[in-house]
S.K.: 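Next up is a structure, given as structure tokens.
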Amino acid sequence: HISLSSDELNELRRLLGEENVIDVKLGRGWHYGTIERKSYSDICYPCIIASLDITYEDGRAESIVTDSTWQYANTGILYNDLYNGETFDSNVTLDNWKSALETDGKKEALEAQQGEEVTEHEEIYAINYFITPKGERIIDFGQEVTGYVSFRSVGEKGDKIVIDHAEILDKYGNFYNENYRGAKSRIEYTCDGDKSKWYHPTFTFYGFRYIELRCDADIEIINPDQVIATVSKGGKLEMELLVANGRGYVPSNENKSYS
């Protein structure tokens with residue numbers, strides 16, 4: 001909920017103009033990604049329920065709610081998953097709008113987000129770029145990073161860029177991320193020829209120190225943004241960690257027993 005004074009409201013109107021659009025991007029998220037071993041087939045599509053409640057200066061009230069009058073279109077985000085990464089095609093344009101579909105979901109079970117907001121905190125500088133014995137192009141950021149890289153492509157229309165992430169190298173100094181088990185931890189990007197565009201993933205983040213670059217074109221990488229969930233002032237964080245020898249990756253349905 002946001003409260004504005006009359007002056008602030010007038011300034012907001014001046015900046016926004018007469019016509020405004022509510023724009024929401026939907027991704028797979030925690031519940032319907034591979035982190036929960038589910039798929040889109042469980043619900044067909046990602047869904048949203050929202051209400052914008054407006055109280056006017058004269059006392060009138062209005063609610064703008066999600067219903068079939070809303071429209072949707074597919075973006076350039078062709079795939080997203082917290083484990084596997086994001087696939088983006090910058091050639092996709094928002095020009096095929098359709099009426100939204102209403103569902104019969106249980107609204108009484110909805111709760112507002114309980115966790116802290118995840119935000120970008122700082123940029124981590126790369127310390128080295130090198131070629132491995134296998135010929136892989138690697139950028140080393142010198143420490144474990146939780147976040148994502150931003151980059152600008154100088155490629156031609158249709159050029160492909162693939163970025164894989166890793167925490168360690170193997171004993172020969174080659175790229176190694178088999179410790180991620182089944183998680184691809186990848187960015188796949190298709191260029192549209194616009195050399196001014198910057199990109200970073202929208203619906204995922206990565207845990208990494210190294211990235212491997214495989215691309216048809218040159219790219220310019222900005223330092224990766226450290227993405228952290230901030231505890232509010234006066235907040236309290238409690239956690240219990242269980243270290244089990246030799247278990248490696250544990251599926252979510254098994255690790256829920258650890259409480």
Side-chain angles (χ1 to χ4, degrees), residues 27 33-35 76-90 117-231 241 243 246-249:
T34 56
I35 195 169
I77 304 174
L78 306 183
Y79 175 84
N80 66 92
D81 184 82
L82 285 172
Y83 275 170
N84 292 329
E86 190 165 292
T87 300
F88 186 86
D89 186 345
S90 56
E117 183 179 0
V118 178
T119 59
E120 297 176 355
H121 273 236
E122 59 182 310
E123 292 183 354
I124 307 299
Y125 291 83
I127 65 169
N128 194 18
Y129 168 78
F130 60 92
I131 307 296
T132 70
K134 285 185 176 181
E136 302 152 322
R137 296 194 290 175
I138 305 296
I139 292 179
D140 177 8
F141 294 98
Q143 68 177 71
E144 182 77 10
V145 175
T146 301
Y148 40 63
V149 294
S150 300
F151 62 85
R152 180 177 67 89
S153 167
V154 293
E156 301 301 325
K157 183 179 178 65
D159 285 351
K160 306 287 186 180
I161 296 171
V162 177
I163 298 178
D164 285 326
H165 301 72
E167 297 174 312
I168 57 176
L169 302 175
D170 69 13
K171 63 181 180 180
Y172 304 108
N174 295 309
F175 185 82
Y176 178 89
N177 63 0
E178 292 183 17
N179 58 310
Y180 288 169
R181 310 289 289 205
K184 293 181 179 179
S185 195
R186 175 176 294 173
I187 296 173
E188 297 185 29
Y189 181 89
T190 302
C191 305
D192 65 355
D194 184 346
K195 299 176 175 56
S196 65
K197 285 185 177 179
W198 285 89
Y199 165 81
H200 67 69
T202 300
F203 290 115
T204 190
F205 58 90
Y206 307 84
F208 65 101
R209 171 176 171 172
Y210 304 94
I211 60 172
E212 178 195 3
L213 303 174
R214 302 198 307 276
C215 48
D216 300 325
D218 292 332
I219 64 175
E220 176 185 351
I221 291 186
I222 193 171
N223 304 309
D225 290 305
Q226 186 90 322
V227 180
I228 302 174
T230 305
V231 177
L241 301 178
V243 179
R247 290 185 63 87
Y249 169 78

S.K.: Taking Asp192's backbone N and O only, do any of them form a donor-acceptor pair with Ser90's side chain (distance below 3.5 Å, no angle check)?
M.R.: yes
S.K.: Could you tell me which non-hydrogen atom of Glu212 sits nearest to which non-hydrogen atom of Glu136, and how far apart they are?
M.R.: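 Glu212 and Glu136 have their closest heavy atoms at OE2-CG, 3.6 Å.
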S.K.: Show, in sequence, the C-alpha distance, side-chain angles and deciding distance for Phe205 and Leu82, and conclude whether the side-chain contact (heavy atoms from CB on, under 4.5 Å) test is met.
M.R.: CA-CA 7 Å; Phe205 58 90; Leu82 285 172; 4.0 Å; yes
S.K.: Distance check, rounded to the nearest 0.5 Å: Asp164 atom CG versus Arg214 atom CZ?
M.R.: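 Asp164 CG to Arg214 CZ: 4.5 Å, rounded to 0.5 Å.
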S.K.: Do Tyr180 and Glu167 come within less than 4.5 Å of each other through their side chains, counting heavy atoms only?
M.R.: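 SC-SC contact between Tyr180 and Glu167 confirmed.
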S.K.: Determine the interplanar angle of the Phe130 and Tyr210 rings, folded into 0 to 90°, and report it as parallel if under 30°, tilted if 30 to 60°, perpendicular if over 60°.
M.R.: perpendicular
S.K.: Is there a side-chain contact between Ser153 and Tyr189, using heavy atoms and a 4.5 Å cut-off?
M.R.: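 Contact flag for Ser153/Tyr189 side chains = yes.
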S.K.: Quick one: do Asp81 and Lys184 make a salt bridge, cutoff under 4.0 Å?
M.R.: no
S.K.: Is any side-chain heavy atom of Leu169 closer than 4.5 Å to one of Tyr176?
M.R.: no
S.K.: Just one of Ile187, Ile138, Ile139 clears the side chain to side chain contact (heavy atoms under 4.5 Å, CB included) bar with Ile211, so which one?
M.R.: Ile139
S.K.: Rounded to the nearest 0.5 Å, what separates atom NE2 in His121 from atom CD1 in Ile124?
M.R.: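 Reported value, rounded in 0.5 Å steps: 11.5 Å.
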S.K.: I want to check something: taking the side chain as every heavy atom from C-beta on, are Asn177 and His165 in contact at a cut-off of under 4.5 Å?
M.R.: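 No. Closest side-chain heavy atoms not under 4.5 Å.
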S.K.: Less than 4.5 Å apart, any side-chain heavy atom of Asp140 and any of Arg209?
M.R.: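 Touching, per the 4.5 Å side-chain cut-off.
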S.K.: What's the spacing between Lys160 NZ and Asp89 CG if we round to 0.5 Å?
M.R.: 6.0 Å
S.K.: Distance-only, no hydrogens or angles: does the Asn174 side chain make a donor-acceptor pair with backbone N or O of Lys134 under 3.5 Å?
M.R.: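 Yes.
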S.K.: So Glu86 and Tyr199, side chain to side chain donor-acceptor pair (under 3.5 Å) or not? Walk me through it.
M.R.: CA-CA 11 Å; Glu86 190 165 292; Tyr199 165 81; 2.9 Å; yes
S.K.: Is Ile161 close to Cys191 at the side-chain level, that is, under 4.5 Å between some pair of heavy atoms?
M.R.: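 Heavy-atom side-chain distance check passes, below 4.5 Å.
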S.K.: So, Tyr206 side chain and Arg186 main chain: donor-acceptor pair closer than 3.5 Å or not?
M.R.: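 At least one qualifying donor-acceptor pair exists.
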S.K.: Which word best sums up how the rings of Tyr148 and His200 line up, parallel for under 30°, tilted for 30 to 60°, or perpendicular for over 60°?
M.R.: parallel
S.K.: With side chains defined as the heavy atoms from C-beta onward, is the minimum distance between Leu213 and Ile163 less than 4.5 Å?
M.R.: yes
